[in-house]
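Reading through the structure tokens given below for one structure.
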Amino acid sequence: KTIPDPDGEWFEIRNNSTNPITLNGLIISDEDGEEVHVVNSESEIVVNTGAYFVMGINSDTSTNGDYGYPVVIDYEYDTVRLSNESDTLVLQMGDVIIDSVMWDDGTTMPDPNGSSMQLDIDFTDANSNDNHLFWCDEDTSSPGVANALCSTVDHDGDGQSPVAGDCDDSNSERDT
């Protein structure tokens, strides 16, 4: 099922901290600040430790994606559009940038057509998500829960990924 752009745009936040985080007041923007949305809710939005939270431009599960199940959006934002070409998504609280992720038109980052980029589950921290080597376009993204391992990522540091022929990507002593 093809979803018209931008109906299927979403991203998820994972709370890697040891404390619950409150999203009220979170600023979602692009790099130059031309597109800005401030998270606003009558009730407090809390993301518990280790939990995922999905934010999307469209919360209608009949029109926002097709992953074999509906994409459930925890918070619907407006104003900010995620470009399919090159863009930067910035999350900040007040003047403090919490995280930002930049992608390009397939030069380094995956550039899937009609599907989502996926961040490998082993690299969900704010520093690792800036490295294009930890992203893939396997279309196994799972909004709101842990993603699968990317077959293009070298998990054991032996210079081989499963897609490159590593038969045991959890053991750096054995290559192909």
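Trp103 is connected to Ile13 through a chain of hydrophobic side-chain contacts under 4.5 Å among Ile, Leu, Val, Met, Phe, Trp and Tyr, so both are in one cluster. Follow the hydrophobic side-chain contacts under 4.5 Å out from Met93 and you never reach Val90; the two are in separate clusters.
Counting only heavy atoms from C-beta outward, the side chains of Asp120 and Leu149 approach each other to under 4.5 Å. Two residues are said to be in side-chain contact when any heavy atoms from C-beta on lie closer than 4.5 Å; Leu26 and Ile21 fail this criterion. Asn129 has its side chain within reach of Asp99: a pair of non-hydrogen atoms, C-beta onward, lies under 4.5 Å apart. The shortest side-chain heavy-atom distance between Glu31 and Ser100 does not fall under the 4.5 Å cut-off. Within the 4.5 Å cutoff, the side chain of Tyr75 has no heavy atoms near those of the Leu23 side chain.
Remark: Ile98 CD1 to Ser17 OG distance equals 10.5 Å, nearest 0.5 Å. Thr124 contributes atom OG1, which lies 4.0 Å from atom CG of Asn16 (distance to the nearest 0.5 angstrom). The structure places CG of Asp74 at 12.0 Å from CD of Glu76, a figure rounded to the nearest 0.5 Å. Going from atom CG of Asp87 over to atom CD of Glu35 covers 6.5 Å, rounded to the nearest 0.5 Å. Between atom CZ of residue Phe53 and atom CD of residue Glu12 there is a gap of 11.5 Å, rounded to the nearest 0.5 Å.
Side-chain atoms of Asn15 come within 3.5 Å of backbone N or O of Val47 as a donor-acceptor pair. Panel note: side chain Asn58, backbone Glu9; no donor-acceptor pair is recorded below 3.5 Å. Using modelled atom types, one side-chain atom of Asn24 and one backbone atom of Ile45 make a donor-acceptor pair closer than 3.5 Å. Between the side chain of His155 and the main chain of Val153, a donor-acceptor pair closer than 3.5 Å is present.
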For this session: Given side chain to side chain contact (heavy atoms under 4.5 Å, CB included), test Val54 with Val72 step by step and report yes or no.
Result: CA-CA 7 Å; Val54 180; Val72 177; over 6 Å; no
For this session: Apply side chain to side chain contact (heavy atoms under 4.5 Å, CB included) to Phe123 and Asn131, showing your working.
Result: CA-CA 9 Å; Phe123 303 97; Asn131 188 331; over 6 Å; no
Problem set entry | Candidate pair Thr88 and Asp30, rule side chain to side chain contact (heavy atoms under 4.5 Å, CB included), full reasoning | CA-CA 5 Å; Thr88 301; Asp30 60 354; 5.8 Å; no
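The two residues Ile27 and Val36 have their closest heavy-atom pair at CG2-CG1, 3.8 Å. Between Val96 and Gln92, the closest heavy-atom pair is O-CB, 3.0 Å. Scanning both residues, Tyr52 and Ala146, for their nearest heavy atoms gives OH-CA, 3.4 Å. The minimum heavy-atom distance between Arg81 and Ile57, with the atom names listed, is NH1-CD1, 2.6 Å. Phe134 and Cys150 get closest at one heavy-atom pair: O-SG, 4.4 Å. Contact between Met55 and Val39 at its shortest, heavy atoms only, is CE-CG2, 3.6 Å.
Note on ring orientation: taking the six-membered ring where Trp is involved, the planes of Tyr77 and Phe11 are tilted (angle from 30° to 60°).
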